[in-house]
Amino acid sequence: MAKTEEASSSSSIVDSAPRPWESYHTVYTNAKAGMDGVDKEKVQRVVYEMSKGSKYFENEERKEAYMKQKIENMRDQLANLKTTDISNYQKVADKRIAELEATRDLSRIWLHVDMDAFYAAVETLSNPSLKGKPMAVGSMSMISTANYEARKFGVRAAMPGFIACKLCPDLIFVPTDFKKYTYYSDLTRKVYHEYDPNFTAASLDEAYLDITKVCKEKGITGGEVGEELRENVYKATGLTCSAGIAPNRLLAKVCSDINKPNGQFVLPNDRAAIMTFISSLPIRKIGGIGKVTEHILKDVFEIKTCEDLLQKSSFLCALFSHSSAEFFISVGLGLGGTDPPSVRSRKSISNERTFSATKNEAFFNQKLVELADMLSADMEKEGLHGRTLTLKLKTASFEVRTRALSLQSYICSSKDILKHASKLLKAELPVSLRLIGLRMSHFNEEKSANVSDPTQRTILNFIKSGDFNKESVDVNNGLHDAYNDEETLSQVTEISCSDYNETEPSSSSSSSSNHEKNQEQELMWVDDYKCLICGLELPPSFLEERQEHSDFHFAQKLQQEEKSRQIYRNIPLKHRMMSGKDGGVGQGKGKKKQKHSVKNGNHIPIDAFFTKRS
DNA sequence: GGGTCAGCTCCAA
DNA sequence: TTCCATTGGAGCTGACCC
C-alpha cells in the first residue's frame, strides 16, 4: 500500500505512467483483516483493468482530479504561511493539546466487539458445505462481505461482484438474507446485555460495551471479560468474534481489528502505553479517517501516523476548521469517547433505489411512487412527520445531485411526499438517471411539536396574547382601510389558507394540528355561537363559514402586522408579500433561489469542505 | 455585520 | 454486461432578519 501511495504522488499523468493502476485508488485496495499476503499489485491491476473506461471510472477520475486540486490549494496555503503565522498557530495548537490532555479519562474500560465476517459466517453456519470455500455475500453488482478464504484473493466488502469474480474465478455468491443476520445479531446482543445493559450497537455485527462495572464486580481484568464474552457469544451462536479492550471507544475499535479473526487485543489504561500504541498507528486505522482524509493528510502534510498528527498540529490548526483540527489532535493524543454515548434520536429517514441508467420519465415517476410509498410506510411505522424532503439523484455518469425543500408543515403521507418529490424531480428533467432516492428530515420531536412554536402566528396565539381586544377596535374602525388594496387582501388571505392547508387532515398531519384548530374554535366562539373578536354570530353547524371567518381574522392579523412593519421599513407591502409567495411550495422562508450549480460545473470544489477559509 | 436557516456536497461507516 | 443502501454529520454559500 505504501508503495502505491508513493507511486501515486509521483505520477501526475495517469495514462503516461507505466503502471496506471497504481494511481487508481479504491476503498477496496486498502488493507483489511485477513488480507495479509494478498498480491496487492495484482488486485489493483485487476480492479483498474475491469474499471477502466466505464462511467464509474470516469467519475472516479473526476473526483480524483478535484482531490488533487484541493491538495494543491492546501499546499499553496501551507507554503504561504509566514513564520509568525506558524508560531501563532503553534501556540493555538499547544493550548488545545493541553486542554484536551486535561480531559483524559483513564478510569473506564471499553470493549469493542466485532463479529468475524459476519454475513459470510452466518451463511456458512446454515450451509456447512460452504466451509473452506471462497464465498461472498452479495451479487455481481456489489459484495456485502467475503469470507477469509475469498479475502486471500483480494475479494472484500464494497467490491463489485464482477471484479471479485475476476480475482477469484471459483468464488461462490450467496444472496443477502437480512432476516437471518438479524436473528443471529439478536443472539449476540443478548450476550452483550449481560455485560453492559446499556451497550451501543454500532451495526448488526458490532457493539461497544462499557465493562468497567462488570470488571469491578467480578474482580477480573478487561482481557478476561473479553475472553469470557467471546466464549459466550460462540456458545450462543456458533460464530466467532474479535474484541478490543481499551480506555475509550476509539481505541477499543482500533484494537478489535488487531487480532482478527477470533482474537482480542488489550490496551492498558496507561498514558505511556497509549502514546506508544498511537505513535506508529497509521491514520487510516482511525474511525472517521477515510480514503480522502488519509490522502490529504499524507499528500499535504506528510502525516502517516497518529503521532504525526500531534507533530503537525500547528499546520492542522492553520488549515482546518476548529472541529476538524480538534479531532485530529485528540486522535494524536489517543483520546476518544469515554462517556456513555447519549441516546441519539433519528435525524432523517430515507430510501433509494438503483436501476439501469434510463431517461424514461414514466419510469422515474413509477420509481418515485414506490419510494414515496416506502418512505411513508417507514415513517408511519416510527410515528414520524417531517418537513424537509430531499430528492437524491445519481446520473448515468455517477454524478450525485440532491435537491431539497422545506415545507411549512410536517408531512408523512405518500401522497404529500410524492407531490413535492415530483416537483423537485421535474426541475431536473430531462436527465438520464441510475438512482433515485428520497430522504425526509426535520422531524417534529414530539407529536405536539408542530404546534409548539410560541412565536408561530396562529389564531390561538393571537387570541391567547389578548391582542385581539386592542385590535378588534381596529377591525371595526379601520378594517376597510386596511383592505383597500384588493390584491393585497387576496394575497394575505391566500397565505393564511395555505398555512391551514399545510396542516389539514388530508395531509395526514398529526392529530395535534386538529386539536389546535379545535382549541382555536373553542376560544374564538363564545358560548359556541359568537365570535370573540368581532361579535359575529355563527352556529356550530356552519363549519365552513366558521373556518372562513377564522381565516379572515388570521389574515387580518397578518395584514396589520405587515402594515406596521411596512411603515417602519418604508418598503412596499405588495412587493414583500409577493416575494414571500414567489418561492412556490414550501420554501420555508420562501425566498431562496434554487441552485443548479452542478449542472454548470460550478459546484463548490471539494477543498471547500475541509480547508479553512480566510 | 452577525446570526440563522435552507440547500448542497462530500465523507465515513 | 455489471460499481449498493442507509444514516449522520461537517462545513460551505447565499439569502434573509434584526
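Values below: every heavy atom of this structure, side chains too, minus hydrogens, waters and symmetry copies.
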Which of the following nucleotides, [options], is nearest to the side chain of [X]?
X       : options                 : value
K253(A) : dA13(B), dT6(C), dC4(C) : dA13(B)
T402(A) : dT9(B), dA5(C), dG11(C) : dT9(B)
K291(A) : dA6(B), dG7(B), dA12(B) : dA12(B)
S321(A) : dC3(C), dG11(C), dG8(C) : dG11(C)
V292(A) : dC11(B), dT7(C), dG8(C) : dC11(B)
F398(A) : dC8(B), dC3(C), dT6(C)  : dC3(C)
A158(A) : dC11(B), dC4(C), dA5(C) : dC4(C)
A404(A) : dG9(C), dC8(B), dC3(C)  : dC8(B)
M142(A) : dC3(C), dG7(B), dA5(C)  : dC3(C)

What's the [atom1]-[atom2] distance between [X] and [N], to the nearest Å?
X       : N       : atom1 : atom2 : value
L424(A) : dA6(B)  : CG    : P     : 15 Å
I296(A) : dA12(B) : CD1   : C1'   : 13 Å
M159(A) : dC3(C)  : CE    : C1'   : 11 Å
K166(A) : dC3(C)  : NZ    : P     : 17 Å
M440(A) : dT6(C)  : CE    : C1'   : 16 Å
H112(A) : dA13(B) : NE2   : C1'   : 11 Å
R401(A) : dC10(B) : CZ    : P     : 12 Å
N59(A)  : dC3(C)  : CG    : C1'   : 11 Å

Ignoring backbone atoms, establish whether [X] has a side-chain N or O less than 4.0 Å from OP1 or OP2 of [N].
X       : N       : answer
R403(A) : dT9(B)  : yes
S348(A) : dT6(C)  : no
S324(A) : dG11(C) : yes
R387(A) : dA6(B)  : yes
R434(A) : dC3(C)  : yes

Mind checking whether F320(A) and F328(A) have ring centres under 6.0 Å apart? yes

Between F363(A) and F355(A), does the ring centre distance come in under 6.0 Å? yes

Assign the ring pair Y56(A) / F398(A) to parallel, tilted or perpendicular, where the plane angle (0 to 90°) is split at 30° and 60°. perpendicular

Please classify the nucleic acid contact of [X] as base, sugar-phosphate, or nothing, using heavy-atom distances under 4.0 Å.
X       : result
I286(A) : sugar-phosphate
I289(A) : sugar-phosphate
G138(A) : nothing

For S54(A) and S51(A), indicate whether the former's side chain and the latter's backbone hold a donor-acceptor pair under 3.5 Å. yes

Assign each of S350(A) and S323(A) to its nearest nucleotide of DNA chain C by heavy atoms, then name whichever residue's nucleotide is nearer the 5' end. S350(A)

Taking for K394(A) and for R439(A) the nucleotide of DNA chain C with the nearest heavy atom, the one nearer the 5' end belongs to K394(A)

NZ (K359(A)) with more than 12 external heavy atoms under 6.0 Å: no

For Y48(A), does the six-membered ring have the charged nitrogen or CZ of R45(A) within the cation-pi criterion, i.e. under 6.0 angstrom from the centroid and within 45° of the normal? no

Pair partner, dC4(C) [Watson-Crick or wobble, under 3.5 Å]: none

Any strand: nucleotide that pairs with dT9(B) via Watson-Crick or wobble, under 3.5 Å: dA10(C)

Report the residues that fulfil ring pair (Phe, Tyr, Trp, His ring centres under 6.0 Å) with F315(A), sequence neighbours left out, ordered by chain and then residue number. none

